[in-house]
**Q** 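Dropping the structure in here first, questions after.
Side chains included, hydrogens not; waters and symmetry mates left out as well; all remaining heavy atoms used.
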Amino acid sequence: MENLKPRRRRRTALTAASLAAVLALTATACGDGGTTAAGEEGSGKGTITFWDNNGGVRTAVWQEIIKDFEAENPGIKVTYVPIPSEDVQSKYDTAIAGGGLPDVGGVGAAYLANIVAQDALEPVGDRIEGSSLEGRLVPAMVASVKSAGGRGDEMYSVPTSASNGTLYYRTDLFKAAGLEPPTTWAKFYEAAAELTDVGKNRFGYTIRGGAGSIAQALDAMYGQSGITSFWDGDRTTVNDPKNVAALEKYVGLYRRATPEADVNNDFKKMVAQFDTGTIGMLSHNLGSYTDHVKALGKDKFAGIPNPTGDGGTRVQVSNPVDGLGLFRSSTNKAAAWKFIEFAVSHESNSKWNESAGAIPANTRAAADPWMKEAEATRLGAKALTDGSTTIVELPYYLPDWNKISKADNEPNFQKVLLGSMTAKEFADMLAEQLNAAQAEWNERNAS
């Protein structure tokens with residue numbers, strides 16, 4: 001399929017700032033026995049390869065969906081490859097450079113633009129039209145993946161789910177300490193101090209210092225500062241003095257109200273600590289809700305939207321929409337599309353999101369009863385639709401966004417935690433990189 005020419009997409013033209021609020025409606029690739037040339041439709045039968053972009057964590061539910069799919073489509077076999085979320089972009093980049101991409105792969109909005117820029121994904125907009133998915137996808141999620149892809153109105157992934165920042169807290173520990181729920185930043189910091197007893201290995205909070213730390217730090221920064229836009233013109237607000245002050249306060253929790261080992265925490269370590277120890281609070285997203293239920297039961301914890309500021313307004317940064325991509329190199333796109341269509345169908349999409357505690361992309365799945373029973377999901381959806389929350393949209397459309405927010409700056413955030421870099425130095429360096437990426441983006445699309 002012919003490439004679409006990138007359209008002029010200056011940051012000020014993006015409509016993503018309003019999208020996240022609506023969201024809360026809230027191995028070598030094998031194909032057709034190797035008999036057709038790469039990039040062709042294939043026979044619609046044979047073997048296809050699927051890369052799960054959160055392998056291990058979501059393996060069980062994907063295996064169920066694959067079993068259901070193969071039973072309904074006996075002529076197709078799906079080879080399942082679990083890729084840990086922290087490794088998925090590097091795996092895609094390696095495969096794009098050297099060959100071996102899957103037919104279908106999980107693609108999050110945070111790194112979608114990077115893959116699209118390398119012309120590795122097939123546009124899927126035309127395939128959705130006339131399929132069982134037409135008119136059945138949450139419009140804001142569709143808009144979000146279009147924006148993240150960075151090529152106008154074309155879609156390069158089919159959205160499957162959305163999430164939002166969630167503050168989990170141990171209701172039993174809060175009750176024992178006579179503390180109110182951490183619904184405001186003031187109550188959050190009070191609880192972090194009150195629930196900490198280093199001598200007894202009890203901590204009020206677990207901070208994310210390893211993989212994935214930047215988005216969580218940005219959530220804390222904008223949440224406290226109350227700044228409601230990521231950009232001021234074509235300059236980022238990341239290093240605004242209010243954000244720097246908020247970051248200083250946030251990292252001040254490290255070792256005072258958090259375990260020292262948190263400097264290397266990824267989300268798996270944070271979740272494990274919260275679920276098995278005596279840590280009072282954890283910032284993550286809806287994706288770990290079901291893990292907490294399994295470990296603690298519904299009576300010992302609660303998941304609520306991020307704290308509000310002194311004025312009662314909640315500011316959160318956006319969480320990337322997850323989706324499924326059809327890879328351009330697939331030799332059996334017909335069979336691969338059948339799998340995507342099945343995976344995002346009402347029943348399968350509901351099954352996946354109930355397992356993950358996330359917000360479904362299929363509108364019918366979003367109306368299923370389990371959504372009301374999953375408290376964190378229900379409260380998160382309400383917060384994003386009742387006017388109490390302003391979403392600061394992160395610039396997923398920048399091809400270098402994931403590189404800047406991960407490889408380039410996660411080590412620097414660890415330096416801030418350890419005291420070898422100041423919060424201002426960190427924010428200024430991050431801002432410089434983002435401003436340069438935005439300028440390059442504007443220049444490339446100014447035609």
Side-chain angles (χ1 to χ4, degrees), residues 1 4 7 14-26 41 44 50 61 65 68-69 72-73 76 104-109 112 116 121-164 286 318-327 333-356 358-372 374 377-378 380-382 384-385 391 393 396-397:
M1 189 172 292
L4 294 178
R7 302 177 183 180
L14 295 174
T15 59
S18 62
L19 299 179
V22 187
L23 289 181
L25 289 171
T26 356
E41 284 295 298
F50 165 54
V61 67
I65 292 171
D68 294 341
F69 173 76
E72 189 170 306
N73 298 270
I76 305 173
V104 179
V107 180
L112 178 61
V116 170
L121 287 170
E122 182 89 357
V124 293
D126 287 346
R127 293 178 187 267
I128 290 174
E129 291 182 11
S131 77
S132 62
L133 299 180
E134 185 175 11
R136 296 297 180 189
L137 299 174
V138 173
M141 293 194 199
V142 171
S144 185
V145 297
K146 286 180 179 180
S147 174
R151 291 190 176 179
D153 288 333
E154 186 53 87
M155 293 176 67
Y156 288 88
S157 74
V158 180
T160 56
S161 66
S163 190
N164 59 285
L286 293 173
S318 58
N319 269 255
V321 172
D322 206 10
L324 294 174
L326 174 62
F327 281 85
K333 294 174 185 173
W337 174 253
K338 286 181 183 179
F339 176 69
I340 292 175
E341 189 175 4
F342 183 89
V344 193
S345 66
H346 177 187
E347 183 177 351
S348 297
N349 193 237
S350 185
K351 179 182 292 187
W352 192 95
N353 280 281
E354 182 176 11
S355 172
I359 302 167
N362 188 293
T363 54
R364 289 178 175 176
D368 282 350
W370 68 264
M371 279 282 289
K372 296 180 180 179
T377 306
R378 177 177 58 80
K382 182 177 183 295
L384 292 179
T385 56
I391 298 297
E393 276 291 335
Y396 302 129
Y397 61 89

**Q** Does any non-hydrogen side-chain atom of Ile359 lie less than 4.5 Å from one of Asn353?
**A** no
**Q** Which pairs pass salt bridge (charged side-chain N to carboxylate O under 4.0 Å, His left out) with one or both residues in residues 344-356, sequence neighbours excluded?
**A** Glu64-Lys351, Asp68-Lys351
**Q** Do the non-hydrogen side-chain atoms of Val124 and Trp337 ever get within less than 4.5 Å of each other?
**A** yes
**Q** For Phe50 and Phe339, take the angle between the two ring planes, folded into 0 to 90°, and tell me which bin it lands in: parallel under 30, tilted 30 to 60, perpendicular over 60.
**A** tilted
**Q** Does Asn362 offer a backbone N or O that forms a donor-acceptor pair with the side chain of Asn349 under 3.5 Å?
**A** yes
**Q** I'd like to know whether Arg127 forms a salt bridge (Lys or Arg N to Asp or Glu O under 4.0 Å) with Glu41, so could you lay out the CA-CA distance, the side-chain angles of the two residues, the decisive distance to 0.1 Å, and finally the verdict.
**A** CA-CA 12 Å; Arg127 293 178 187 267; Glu41 284 295 298; 2.6 Å; yes
**Q** With rounding to the nearest 0.5 Å, note down the distance linking CE in Met141 to OG in Ser157.
**A** 11.5 Å
**Q** Under a 4.5 Å cut-off applied to non-hydrogen side-chain atoms, are Leu324 and Val107 in contact?
**A** no
**Q** Met155 versus Pro123: any side-chain heavy-atom pair under 4.5 Å?
**A** no
**Q** If you look at every heavy atom in Ala335 and Ile76, which pair is closest and at what distance?
**A** CB-CD1, 3.8 Å
**Q** Run the numbers on Tyr396 and Ser318 for side-chain contact (heavy atoms from CB on, under 4.5 Å), then give the verdict.
**A** CA-CA 10 Å; Tyr396 302 129; Ser318 58; 3.3 Å; yes
**Q** Atom NZ of Lys146 and atom CD of Glu154: how far apart are they, to the nearest 0.5 Å?
**A** 8.0 Å
**Q** Rounded to the nearest 0.5 Å, how far apart are CD1 of Ile340 and OG of Ser348?
**A** 13.0 Å
**Q** Would you confirm whether Ser144, through its side chain, and Val321, through its main-chain N or O, come within 3.5 Å as a donor-acceptor pair?
**A** no
**Q** Grab the two heavy atoms, one from Pro320 and one from Ala109, that are nearest each other, plus how far apart they are.
**A** CB-CB, 3.8 Å
**Q** Has Ser131 got a side-chain atom pairing as donor or acceptor with Leu133's backbone, closer than 3.5 angstrom?
**A** yes
**Q** With sequence neighbours excluded, tell me which residues meet salt bridge (Lys or Arg N to Asp or Glu O under 4.0 Å) with Lys338.
**A** none
**Q** Do Ser161 and Trp352 pair up side chain to side chain, a donor and an acceptor below 3.5 Å, judged on atom types alone?
**A** no
**Q** Does the side-chain contact (heavy atoms from CB on, under 4.5 Å) test come out yes or no for Val344 and Leu137, once each step is laid out?
**A** CA-CA 9 Å; Val344 193; Leu137 299 174; 3.8 Å; yes
**Q** Is there a side-chain contact between Asn319 and Leu286, using heavy atoms and a 4.5 Å cut-off?
**A** no
**Q** Do Lys333 and Glu122 sit within salt-bridge range, that is, some charged N less than 4.0 Å from a carboxylate O?
**A** yes
**Q** Which heavy atom of Ser350 sits nearest a heavy atom of Asp368, and at what distance?
**A** OG-OD2, 2.6 Å
**Q** Can you name the closest pair of heavy atoms from Ala162 and Ala358 and give their distance?
**A** O-CB, 3.6 Å
**Q** Strictly distance-based, threshold 3.5 Å: is any side-chain N or O of Arg151 a donor or acceptor partner for the main-chain N or O of Val116?
**A** yes
**Q** Is any side-chain heavy atom of Met371 closer than 4.5 Å to one of Arg378?
**A** no
**Q** Could you check if a side-chain atom of Val142 sits within less than 4.5 angstrom of a side-chain atom of Ile128, using non-hydrogen atoms only?
**A** no
**Q** Suppose we screen for ring pair (Phe, Tyr, Trp, His ring centres under 6.0 Å). Which residues come up paired with Phe327, at least two apart in sequence or across chains?
**A** Tyr92
**Q** Does the side chain of Tyr156 come within less than 4.5 Å of Leu112's, by heavy atoms?
**A** yes
